[in-house]
Every structure is written in C-alpha cells, then in structure tokens.
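Structure first, then comments.
Keep in mind that this is a model prediction, so the values were computed, not measured.
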Amino acid sequence: MKYNRCGKSGLLLPQISLGLWHNFGSVDNFENAECIAVEAFDKGITHFDLANNYGPVPGSAETNFGKILWHNFQGNLRDEIIISTKAGYTMWDGPYGDWGSRKYLLSSLDQSLKRMKVDYVDIFYSHRPDPETPIEETMMALDYAVRSGKALYVGISNYSAEQTRVAVDVLKQLGTPCLIHQAKYSMLERWVENGLLDVLEEKGVGCIAFSPLAQGLLTDKYLSGIPENSRAHNPNGHLKEDEVTQERTQKLIQLNEIAQNRNQSLAQMALAWLQKDKRITSVLIGASSVRQLNNNIDCLQSLEFTQDELNAIEKILS
C-alpha cells in the first residue's frame, strides 16, 4: 500500500480507503463487518470513512464502528488510523437535523463522537452544500470543530467546482485549511473532470473518490442481467434496477474484455483507472466480505495503462 499526500497538507492517505456506507449498519452482520475492518487495516488501509446517517438505521454504522474500535484498536492503534465522518443529510426530525447550519453540524459531530466513543475524528466533512444557509456559516462550523479539538482536519463533499472555490477561500481566511473533497467519481460518473479537479489542484486540496464502482455496476455482477443477491435487488441499496440499462450493460461487457486482457477483474480495472490521475489522493471502496475487500485491493498490482488501453476505454465510455 502506498500513501499519498493529501493536497498541500502533512497528512498521508492510503491509495485505497474503506467506506462504511454499506454493510456496517444495524441490519448487517456485525462479525462480518468487524472482520472486514480488521483485514483492511492489516492490508495497509488506515483510513475508515463514515457519516452520521450511515446504516441503516442512521447512526448505526458509527455505533458498530465504535465497537470495532473498542475490540481491535485500543491504545496507540488509534494513532495509526484516520477516522472521518460527515453531517449534511437528514439525521433526525425537526428543524435542526439536516443541511448545513452551525447548530446541526456541531450537534451532529457531538453525537458522532459519542456513538464511536472517541474524543475526536481526524476529518469532519460538510456532507453537502446547503442552498439556504450561507456558506460562511457552514465553514465557520467546520473551523470551530477543529479549534474545539473535536476534529483534526475538515473537508467538503458533493460541492460543485464554484462552491468548492468559495468554501476553500472562506476556510483559508478563517485559518483552517480545507484538507479534502470527497466526490462521486467513476468511469460512469465523471462530473469532477469538468472543473472540480482543476480547482482542487489550484487550491492544494486533496480528492477522495467515492462510489468508484458505481454502486457495483462496474463489476462482473451485471454482465448478464440483475442477479438476485445484487444491490439493485436490495431495498436498502442505492442502485436501482432501472439504472441497469441495456446500453450500460453493453458498455460493461466491452470494458470487461479490456480488463480480462489486463488480467484484472472489471472492478479492479475501474479502481486502477481512477488512480491514473495524480490529483486523486485515495479511492474509497466498500466491501461486503473479506474476499471482496481483498479482490479490490488487488487492483494495486496493476495500475499502469497503455495509451491504447486508455483510448479504447474512452471510446467505450463516450
């Protein structure tokens, strides 16, 4: 595992980070989740990414991760891992449980710390921009999170290029630099290439890609339709059956042929493809089993692409 510098900061993040969006909630098998987290750390994944609403039920991923920490990462091991969490989506009823107000963000951070039984998180994110709250207020809340000792660094997620530019400038003026932007980025979701990556490079901010496998589409699961045990069939999943179109399936089949010629699975190639851009600090993967985790980590064995391969991939995706 290599560790990349996150923007113009002192923090190094692993090439591959583990996201707890799925498979770590109260509806999931705790022993399986614990095995995944421990194996990830043993393979060099030092960064574990959460959010207040991860579950289901919301909050339960943080609660379970707190138990995993207690069982496996006591003492100095806490100093060897990076824990991130976020606030910005609906977490509780009423006027103060959503979006980007100072009231919500700081209340949510306190709740996250209690659920995980930790004194601080390494990275605290604004999970999404709030169209009603001034961006200055949201950034002031992030700044306070650092000054209060409850977070070491702060970041933003799902902000457009222009929103990112404003947020980064406000944080700089406050004296708490923006460390990182967490953006949805994959072969099938490339909006970050239209300005965001340029802003991050200009401002010295790191980028971590989430949903790099497009919720499982960029795997061999959907090459022959929608299997019964897939996310598209899971009522708690974020991939819907109508997203698995015939046109997309044909693209996946062609991409899979290139992956096979590289002696990789489609998933491994999709993860490697993201890392060709040096502006990507880390790629955030999920895993439903230790076997799937290790299969994804094996993408690191073949990160180089020929120009012919890149051209062929681009032709398929266009």
Around atom CD of Glu304, are there more than 12 heavy atoms from other residues, nucleotides or ligands closer than 6.0 Å? no

Which ring-ring contact (aromatic ring centres under 6.0 Å, His included) pairs, counting each pair once, include a residue from residues 93-149, with sequence neighbours left out? Tyr89-His127, Trp92-Tyr104

Indicate whether any N or O donor in one side chain lies under 3.5 Å from an N or O acceptor in the other, for Asn52 and Ser108. yes

Between CG on residue Leu152 and OG on residue Ser9, distance to nearest 0.5 Å: 11.5 Å

Decide if atom CG of Asn76 counts as having more than 12 heavy atoms of other residues, nucleotides or ligands within a radius under 6.0 Å. no

Got a sec: does the CD of Glu193 have more than 12 other heavy atoms crowding it under 6.0 Å? yes

For Glu39, what residues pass the side-chain hydrogen bond (donor to acceptor under 3.5 Å, both in side chains) criterion, not counting sequence neighbours? Lys43, Asn294

Should we count CG of Asp42 as having more than 12 external heavy atoms under 6.0 Å? yes

Is the shortest side-chain heavy-atom distance between Pro14 and Met1 below 4.5 Å? yes

Across all chains, not counting sequence neighbours, the side chain to side chain contact (heavy atoms under 4.5 Å, CB included) partners of Asp169 are Arg165, Lys203

Residues clustering with Val57 (ILVMFWY side chains joined when closer than 4.5 Å, directly or via others): none

Residue that, paired with Ile280, satisfies side-chain contact (heavy atoms from CB on, under 4.5 Å) out of Leu200, Asn4, Val192, Leu197: Leu197

Suppose we screen for ring-ring contact (aromatic ring centres under 6.0 Å, His included). Which residues come up paired with Tyr185, at least two apart in sequence or across chains? none

Between Asp143 and Arg102, is there a salt bridge with N-O shorter than 4.0 Å? no

Could I get the full list of ring-ring contact (aromatic ring centres under 6.0 Å, His included) partners for Phe210, not counting sequence neighbours? none

